[in-house]
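Values below: all heavy atoms of this structure, side chains included; hydrogens, waters and symmetry mates excluded. Letters go in sequence order (proteins before strands), and every chain restarts at 1. Predicted, not measured: the structure shown is a model, and the values here were computed from it.
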There are 2 protein chains.
Amino acid sequence: MADGPTINTIAERAGVSIASVSRVLNGLPTRQETERKVLKAAEELGYVRNAVARSLKSRRTNQVAFAMADVGNPAYLAMLRQIQPVLKAAGYRLVLHSTDAVAADEIDVLHSLGERYVDGLIMSPLRVTDAHLEMLAAARAPVVIIGSVPEGTPVDNVRADSRTGVRLAVHHLYALGRRRIAMVNGPIDTVPGAARGAAYREALENLGLPYDDDLVQIGDFYRAEGARAVAELLARVPDVDALMCANDLIALGALDVLRAAGRRVPDDVAVVGMDDTDLAAASWPSLTSVSLGSAERGKVAAELLLERLRGGDSEPRVVTVAPRLAVRASTAGPAYEGASDGSDRKEGGA
Amino acid sequence: MADGPTINTIAERAGVSIASVSRVLNGLPTRQETERKVLKAAEELGYVRNAVARSLKSRRTNQVAFAMADVGNPAYLAMLRQIQPVLKAAGYRLVLHSTDAVAADEIDVLHSLGERYVDGLIMSPLRVTDAHLEMLAAARAPVVIIGSVPEGTPVDNVRADSRTGVRLAVHHLYALGRRRIAMVNGPIDTVPGAARGAAYREALENLGLPYDDDLVQIGDFYRAEGARAVAELLARVPDVDALMCANDLIALGALDVLRAAGRRVPDDVAVVGMDDTDLAAASWPSLTSVSLGSAERGKVAAELLLERLRGGDSEPRVVTVAPRLAVRASTAGPAYEGASDGSDRKEGGA
DNA sequence: CACCACACCGTAAACGTTTACAGATGTTGG
DNA sequence: CCAACATCTGTAAACGTTTACGGTGTGGTG
């Protein structure tokens with residue numbers, strides 16, 4: 001792994017100055033003869049431009065960072081899938097950060113923006129603390145936040161609308177004739193937990209249905225926890241006829257328990273998940289799920305960031321992505337089984 | 001976004017030379033008084049070290065690239081999930097490349113290694129062409145290949161063992177009393193397709209079962225294609241009692257068709273998938289699947305690369321990761337339903 | 001023939017660090 | 001009081017580019 005050639009090596013071999021080499025390599029006007037010599041030398045030496053030196057001089061790295069809480073989380077992966085091609089098309093490399101849902105790590109990432117190893121950042125923070133806001137205000141490169149950020153924070157901001165999402169789902173269930181609609185939520189001290197819980201309550205009110213504490217069950221955002229929560233719920237309110245689950249894993253847990261209890265889905269109990277992950281289409285019965293547009297949010301965030309990088313210095317923008325209800329068999333019955341929505345993705349192996 | 005402070009700014013403010021500043025910031029021995037002044041100035045200015053300049057001088061970027069065919073592919077994501085923490089713990093950033101399964105893009109990535117924007121590369125190529133081998137031989141930074149690479153290629157190499165994997169599955173089916181074991185494969189001109197097809201044939205031979213062309217159905221690695229293939233297969237050989245599917249998506253398609261046809265799983269037909277993705281545990285019945293150790297391969301690859309980066313210049317190493325059969329309900333029946341294997345992962349949303 | 005315009009090229013400085021080397025300062029011992 | 005030495009600090013070069021600026025040679029014009 002010997003030291004590679006530099007423009008100096010080329011200049012020497014071609015008998016010209018390094019300035020000429022640089023000009024040729026950057027397509028600036030040069031005499032044909034010089035160009036020929038330089039290209040020949042470069043070719044023979046197998047020259048490749050040093051990106052680090054170039055970045056130092058040009059003050060651009062052509063890299064963008066994406067910081068997410070957890071590489072294992074399907075919602076973030078959906079974002080990643082959309083972000084990647086947008087950046088790639090614009091000639092940017094993608095640096096991935098997983099903050100393991102630790103706020104200090106998120107602050108770290110923000111801080112490291114000062115190292116200027118990237119030109120910009122897309123971040124989806126778990127929750128937004130004062131420390132976050134402080135760092136964001138002082139950020140030395142453009143940042144786009146996926147999630148909600150207070151009015152006045154000087155960054156672009158792409159939001160989901162879980163309130164409308166939950167409403168869509170609850171109205172859907174209502175339209176199917178369900179009147180005992182329960183909510184199976186995750187911890188309510190998390191951002192999504194709180195938002196989804198409130199949205200559920202609001203949606204009921206909207207429909208003129210009574211809010212019943214017995215119909216709300218708190219668990220956690222995992223399959224096993226979801227199952228446990230639903231078991232409790234069933235014991236307490238046997239006449240429940242629909243479950244609004246705060247994410248897809250909880251909903252899968254619900255399906256497990258309902259099957260074990262001999263309740264038919266959706267005939268006896270309809271089930272709705274949230275996030276519309278790949279799992280929703282894969283389960284059986286396939287799962288009706290509220291998409292909060294993770295993919296779309298990723299795409300929009302990438303586009304906003306690119307605009308900033310191109311020099312747009314407009315006011316910070318806020319984009320809210322509309323939720324969508326993916327209706328499948330767990331509410332609408334077997335007719336909707338296998339209704340493809342393009343989420344059938346290749347997987348190989350090696 | 002004004003120009004940030006540099007060590008020059010600090011030096012001026014603290015009344016010392018830039019050399020002293022650098023020394024303090026790198027923890028080299030310095031007089032207390034100087035150290036104090038420098039740290040104070042740095043603090044007040046909100047100084048952050050410029051990573052690009054540092055990289056240029058030190059010839060290390062503290063970045064490592066991972067190139068995969070497709071960000072949407074669960075097998076690669078499993079690798080990513082393991083690679084990320086290993087690199088992070090060692091202080092490396094992760095640059096992600098998605099080559100969209102285009103060989104030219106893979107070559108590009110290899111070529112761009114010469115730009116020295118990363119210290120090393122982990123790559124899982126779709127297939128290995130002569131162009132790949134040429135670039136690998138000339139690579140200007142350590143590379144670890146996930147997949148198989150010919151003897152003599154000067155890079156570390158982490159392999160799956162699909163032959164043993166398929167054998168495990170077929171033997172499992174045999175042990176359950178199945179004798180008409182079909183294979184539903186993807187295109188046989190792909191690396192995994194060819195390997196899995198051959199392994200199936202070999203496993204049958206091994207067990208003294210006859211190889212029957214009628215029992216082999218070629219489709220593609222998607223759910224809908226899998227379903228189509230299985231439908232054809234069922235029409236042709238109604239007495240089939242087990243399906244060895246070349247990946248999980250095909251297997252999900254198989255479950256769809258079998259359910260529609262009124263065949264019970266596993267009572268009438270047992271089904272095995274491959275890759276053991278999250279989908280396997282989520283489906284119903286849950287899917288027995290051959291894990292080729294994507295996660296493990298990612299982890300090993302990252303560790304091998306780190307060793308190289310630490311200066312190990314041993315002979316190229318080849319590590320083969322053992323496959324594992326995750327037995328679930330689609331072969332072993334309801335008793336195995338919900339048998340957790342730790343793949344129950346948190347998902348939030350925001 | 002003198003002069004100018006022009007195209008091309010080379011010199012050198014700059015980007016922000018790290019570090020070899022030599023100079024400055026202070027300490028110790030004779 | 002000076003030599004010898006240790007300790008700390010500053011100067012300058014280097015990493016590999018890009019680019020402003022001025023110099024050179026050519027051809028054309030008056």
Side-chain angles (χ1 to χ4, degrees), chain A residues 1-39 41-42 45-63 112-119 140-141, chain B residues 1-39 41-42 45-63 112-119 140-141:
Chain A
M1 246 152 273
D3 265 16
T6 72
I7 52 172
N8 283 288
T9 331
I10 297 182
E12 227 170 284
R13 176 181 265 251
V16 300
S17 76
I18 61 166
S20 289
V21 175
S22 177
R23 276 189 286 259
V24 170
L25 296 177
N26 288 304
L28 297 177
T30 322
R31 201 168 40 150
Q32 285 246 333
E33 169 65 5
T34 313
E35 180 170 334
R36 203 188 47 69
K37 281 191 296 187
V38 168
L39 290 179
L45 290 166
Y47 171 79
V48 182
R49 193 193 270 118
N50 183 312
V52 177
R54 168 173 251 219
S55 291
L56 178 58
K57 182 68 193 169
S58 67
R59 297 154 153 283
R60 323 182 57 245
T61 60
N62 294 310
Q63 295 191 151
S112 72
L113 265 189
E115 293 180 16
R116 309 204 145 278
Y117 66 98
V118 285
D119 298 338
R140 292 229 239 274
Chain B
M1 243 151 276
D3 263 18
T6 71
I7 53 172
N8 283 288
T9 331
I10 297 183
E12 225 169 285
R13 177 181 262 252
V16 300
S17 76
I18 61 166
S20 288
V21 175
S22 177
R23 275 189 287 259
V24 170
L25 295 176
N26 289 305
L28 298 177
T30 322
R31 202 169 40 148
Q32 283 245 335
E33 169 64 7
T34 313
E35 180 170 337
R36 204 188 47 70
K37 282 191 295 188
V38 168
L39 291 180
L45 290 165
Y47 171 79
V48 183
R49 192 193 269 118
N50 183 311
V52 176
R54 168 173 252 221
S55 291
L56 178 58
K57 182 67 196 175
S58 68
R59 299 156 152 283
R60 323 183 57 245
T61 59
N62 293 309
Q63 294 191 151
S112 72
L113 264 190
E115 294 180 15
R116 308 206 145 278
Y117 67 97
V118 284
D119 298 338
R140 293 227 240 275

Residues two or more places apart in sequence or in another chain: which of them pass salt bridge (charged side-chain N to carboxylate O under 4.0 Å, His left out) with B:Glu115? A:Arg93
Looking at residues at least two apart in the chain, or sitting in another chain, which of them share a salt bridge (charged side-chain N to carboxylate O under 4.0 Å, His left out) with B:Arg59? A:Asp3
Can you tell me how far apart CG (A:Asn26) and CZ (A:Arg49) are? Round to the nearest 0.5 Å. 5.0 Å
Got a sec, which pairs hit salt bridge (Lys or Arg N to Asp or Glu O under 4.0 Å) with one end in residues 5-14 of chain B, sequence neighbours left out? B:Arg13-B:Glu44
The criterion is side-chain hydrogen bond (donor to acceptor under 3.5 Å, both in side chains); which residues satisfy it with A:Ser112, sequence neighbours excluded? A:Tyr117
Going by the rule side-chain contact (heavy atoms from CB on, under 4.5 Å), which residues pair with [X] if we only count those two or more places apart in sequence or in a different chain?
{"X": "A:Ser55", "value": "A:Thr61, B:Val52"}
{"X": "A:Arg60", "value": "A:Ser58, A:Asn62, A:Tyr92, A:Asp119"}
{"X": "B:Ile18", "value": "B:Ile7, B:Asn8, B:Ala11"}

Take atom [atom1] of [X] and atom [atom2] of [N], then tell me their distance rounded to the nearest Å.
{"X": "B:Arg60", "N": "C:dT18", "atom1": "CZ", "atom2": "C1'", "answer": "14 Å"}
{"X": "A:Arg23", "N": "C:dT11", "atom1": "CZ", "atom2": "P", "answer": "11 Å"}
{"X": "A:Tyr117", "N": "C:dT17", "atom1": "OH", "atom2": "C1'", "answer": "18 Å"}
{"X": "B:Asn26", "N": "C:dT19", "atom1": "CG", "atom2": "C1'", "answer": "10 Å"}

Please write out each protein N/O paired with an N/O of nucleotides 14-16 of chain C under 3.5 Å, distance rounded to 0.1 Å.
from	atom 1	to	atom 2	distance (Å)
C:dA14	N3	A:Lys57	NZ	3.1
C:dG16	OP1	A:Arg59	NH2	2.9

Please work out which residues in residues 13-22 of chain A have a non-hydrogen atom less than 4.0 Å from an atom of DNA chain D and list them by number. A:Ile18, A:Ala19, A:Ser22
Under 4.0 Å, heavy atoms only, any strand: does B:Ser55 hit a base, just the sugar-phosphate, or nothing? nothing
Specify the residue among B:Thr30 and A:Leu28 whose closest nucleotide of DNA chain D lies further upstream toward the 5′ end. B:Thr30
Report yes if a donor N or O on one partner sits less than 3.5 Å from an acceptor N or O on the other, where the partners are the side chain of B:Arg31 and the base of C:dG26; otherwise report no. no
